[in-house]
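All values below come from the heavy atoms of this structure, side chains included, with hydrogens, waters and symmetry mates left out. The model shown is predicted, which means the values in this text are computed figures rather than measured ones.
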Amino acid sequence: MQNIGIVFVKMGQYTDAITSFEHIMSEAPSFKTGFNLILCYFALGDREKMKRAFQKLLTVDLKLDDEDKYLPHGVSRVGGWMGYCLG
């Protein structure tokens, strides 16, 4: 479904993309899908729905290891989730 939403975005069919992304967010929310949903609302100028989508995005589990959540800024763990220094 994510790919279908992306195709709709590339075609400028933001309403159809929103339908796809909203379905994904209700079934298996992810950061990427939530962000794409916000961008679609932005493209349509719907600030209220952007705000609600952003609030939902803040609740999405990023699936980070506990030790990665608490690394000080500028410190990287070799093989960490991003694989490079965050500083």
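For the side chain to side chain donor-acceptor pair (under 3.5 Å) condition, no pair includes a residue of residues 43-54, sequence neighbours left out.
For Ser20, there are no side chain to side chain donor-acceptor pair (under 3.5 Å) partners two or more places apart in sequence or in a different chain. Met50 pairs by the side chain to side chain contact (heavy atoms under 4.5 Å, CB included) definition with Ile38, Tyr41, Phe42, not counting sequence neighbours. Residues satisfying the side chain to side chain contact (heavy atoms under 4.5 Å, CB included) criterion with Glu27, sequence neighbours excluded, are His23.
Here Ser30 contributes atom OG and Leu57 contributes atom CG; the two are 9.0 Å apart, rounded to the nearest 0.5 Å.
The cluster map of Ile, Leu, Val, Met, Phe, Trp and Tyr, joined by side-chain heavy atoms under 4.5 Å apart, puts Leu44 and Leu39 in different clusters. No continuous path of ILVMFWY side-chain contacts below 4.5 Å connects Phe35 to Leu58, so the two sit in separate hydrophobic clusters.
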Quiz: residues 8-19 side-chain donor-acceptor pairs under 3.5 angstrom, not counting sequence neighbours:
residue : atom : partner : partner atom : Å
Thr19   : OG1  : Thr15   : O            : 3.1

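A 4.5 Å side-chain heavy-atom check between Ile6 and Phe21 finds at least one atom pair inside the cut-off.
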